[in-house]
Asks: 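Can you keep this structure in mind? I'll have questions shortly.
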Amino acid sequence: MSLAKKNNNVSGWLDMSQSVSGVILALFLWTHLVLVSSILLGADAMTFVARTMELSFLSADGHGYPWVVSGIAIIVALLALIHVLVAVHKMPLNLQQQRALRQQMSVIHHDDTKLWAWQAITGVGIFLLLPVHLWLIGSAPETIGPVGSADRIWNQGVWMVYLPLLLCVELHAAIGIYRVAIKWGARRAIDARARIKKIKTIVSVVFVLIGLASLLAFLPYAS
C-alpha cells in the first residue's frame with residue numbers, strides 16, 4: 001500500500017471518528033438539556049429525573065447510586081477527549097496556517113467556512129469550560145437536584161461557567177450536526193443545504209432558550 005493511500009485511509013478514519021463522536025456528544029447534550037429542563041415542571045419533576053438517572057428503581061432503599069452519574073461524566077469526558085484529538089488534525093495550529101485562513105476568509109466569503117471558524121472558536125471554549133462542569137457534577141453527584149443544583153449555580157457563582165458553556169456547546173453542536181449532514185448526506189443534503197441551515201438555527205435558538213429558562217428556574221431554590 002502506497003504512503004498516499006495510507007494517509008488517505010488515516011484521514012478518512014479520523015473524519016469518520018470525528019463525525020461519529022460529534023453526533024453522539026450532540027445527542028447526549030440535547031438529551032441532557034431536556035432532562036435538566038425538568039426543573040421547569042417543578043422540584044418534584046427534577047428530583048424524579050435525578051433519582052431515575054441514579055437508577056433508584058434498582059436500589060432497595062430507593063436512593064439510587066450517585067456514582068452512576070460520575071461514571072457518565074467520565075464517559076463523556078473520554079468521548080470529548082477523543083473528539084478533540086481527532087479534530088485537531090484539521091485545526092490551523094500555527095501562525096502561518098491561521099494567517100492563511102484569515103486571508104482566505106477575507107477574499108472568499110463562504111458561509112460554511114465561517115461556520116467552521118465559529119465551530120473552532122466554540123470548540124476552544126468547550127475545551128476550557130466542559131472539564132469544570134464535568135468535575136463539579138462527577139465529584140458531587142449526590143448534590144444534583146433542585147436545591148443542590150441551585151446552590152451550585154447561583155450561590156456558588158457557577159452560572160458564570162454554565163452560561164458561556166451553554167452558548168458554546170449549542171452553537172458548536174448545531175453547526176457540527178449541520179456539517180455532518182452536508183458531508184455524509186451526499187447530494188440530497190447538499191441540495192437541501194439552505195433548509196438544513198435554517199433547521200440548525202432553529203435548533204440552536206430553541207435549546208439555548210431551554211437552557212436559559214432552566215438556569216433561571218433554579219433561582220427560587222437558591223436560598
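Every value quoted in this text rests on a predicted model; they were computed, and no experiment measured them.
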Asks: Is there a side-chain contact between Leu166 and Leu33, using heavy atoms and a 4.5 Å cut-off?
Replies: yes

Asks: When you group the ILVMFWY residues by side-chain heavy-atom contacts below 4.5 Å and let the links chain together, are Val205 and Ile196 in the same group?
Replies: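 No, separate clusters.
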
Asks: Start with the C-alpha gap between Thr52 and Val49, add the side-chain angles, then the distance that decides, and say whether side chain to side chain contact (heavy atoms under 4.5 Å, CB included) holds.
Replies: CA-CA 5 Å; Thr52 301; Val49 170; 5.7 Å; no

Asks: What is the minimum heavy-atom distance between Ile144 and Ala50, and which atoms define it?
Replies: O-CB, 3.9 Å

Asks: When you look at OH of Tyr221, are more than 12 heavy atoms from neighbouring residues, nucleotides or ligands closer to it than 6.0 Å?
Replies: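 Yes, enclosed.
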
Asks: Test: side-chain hydrogen bond (donor to acceptor under 3.5 Å, both in side chains). Region: residues 120-129. Which pairs qualify, not counting sequence neighbours?
Replies: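 Applying side-chain hydrogen bond (donor to acceptor under 3.5 Å, both in side chains) to every pair that reaches into residues 120-129, excluding sequence neighbours, yields Thr122-His172.
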
Asks: Sort out for me which residue in Tyr162, Phe127, Trp159 forms a ring-ring contact (aromatic ring centres under 6.0 Å, His included) with His133.
Replies: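 That would be Tyr162; it is the only one of Tyr162, Phe127, Trp159 passing the ring-ring contact (aromatic ring centres under 6.0 Å, His included) with His133.
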
Asks: If we ignore hydrogens and angles and just use 3.5 Å, is the side chain of Ser149 paired with the main-chain N or O of Pro146 as donor and acceptor?
Replies: no

Asks: Measure the CG-CD distance between Leu136 and Gln156 for me, rounded to the nearest 0.5 Å.
Replies: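 Result: 8.0 Å between the selected atoms.
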
Asks: Under 3.5 Å, side chain of Ser56 to main-chain N/O of Arg51, donor-acceptor pair present?
Replies: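 Answer holds: yes.
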
Asks: Got a second to check how far Tyr178's OH is from Ile199's CD1, nearest 0.5 Å?
Replies: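 The CD1 atom of Ile199 is 11.5 Å from OH of Tyr178, to the nearest 0.5 Å.
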
Asks: First locate atom CD1 of Ile24, then atom CD1 of Ile75, and finally report the distance between them rounded to the nearest 0.5 Å.
Replies: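 Answer for the CD1-CD1 pair, Ile24 versus Ile75, is 11.0 Å.
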
Asks: Treat each ILVMFWY residue as a node, draw an edge where side-chain heavy atoms are under 4.5 Å apart, and state whether Leu81 and Leu134 are in one component.
Replies: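 Per the 4.5 Å side-chain linkage, Leu81 and Leu134 are not co-clustered.
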
Asks: Phe207, Ile202: one ILVMFWY side-chain cluster at the under-4.5 Å cut-off?
Replies: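 Yes, Phe207 connects to Ile202 through the hydrophobic network.
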
Asks: Taking only residues two or more places apart in sequence or in another chain, which ones pass side-chain hydrogen bond (donor to acceptor under 3.5 Å, both in side chains) with Thr143?
Replies: Arg152

Asks: Determine whether more than 12 heavy atoms belonging to other residues, nucleotides or ligands lie under 6.0 Å from atom CH2 of Trp154.
Replies: yes

Asks: With clusters defined by side-chain heavy atoms of hydrophobic residues (ILVMFWY) lying less than 4.5 Å apart, directly or transitively, does Ile82 cluster with Ile74?
Replies: no

Asks: Work out which heavy atom in Cys168 is nearest to a heavy atom in Gly125; give both atom names and the distance.
Replies: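 Nearest pair, atom of Cys168 first, then Gly125: SG-CA, 4.2 Å.
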
Asks: Please tell me whether Leu78 and Phe28 are part of a single hydrophobic cluster in this structure, the criterion being side-chain heavy atoms less than 4.5 Å apart.
Replies: no

Asks: Drop me the distance from Ile72's CD1 to Met53's CE, to the nearest 0.5 angstrom.
Replies: 4.0 Å

Asks: Could you state the interatomic distance from CD1 (Ile177) to CD1 (Ile175), rounded to the nearest 0.5 Å?
Replies: 11.5 Å

Asks: Would you name the heavy atoms of Ser204 and Leu171 that are closest together and state the gap between them?
Replies: OG-CA, 4.4 Å

Asks: Give me the atom names and distance for the closest heavy-atom approach of Ala173 to Trp30.
Replies: CB-CZ2, 4.2 Å

Asks: Could you report the tightest heavy-atom contact between Ala213 and Leu40, atom names first, then the distance?
Replies: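 Smallest heavy-atom distance, with atoms named: O-CD2, 3.5 Å.
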
Asks: In sequence, state the C-alpha distance, the side-chain angles, and the governing distance for Leu58 and Tyr65, and then conclude on side chain to side chain contact (heavy atoms under 4.5 Å, CB included).
Replies: CA-CA 9 Å; Leu58 295 179; Tyr65 309 97; 4.3 Å; yes

Asks: What's the separation between atom CD in Glu170 and atom CG in Leu165, rounded to the nearest 0.5 Å?
Replies: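 If I round to the nearest 0.5 Å, the distance is 9.5 Å.
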
Asks: What is the minimum heavy-atom distance between Ile153 and Phe218, and which atoms define it?
Replies: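 Here Ile153 and Phe218 meet closest at CD1-CD1, 3.6 Å.
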
Asks: Any side-chain heavy atom of Leu35 sitting closer than 4.5 Å to one from Met46?
Replies: no

Asks: Keeping the roles fixed (side chain from Ser38, backbone from Val34), state whether a donor-acceptor pair exists under 3.5 Å.
Replies: no

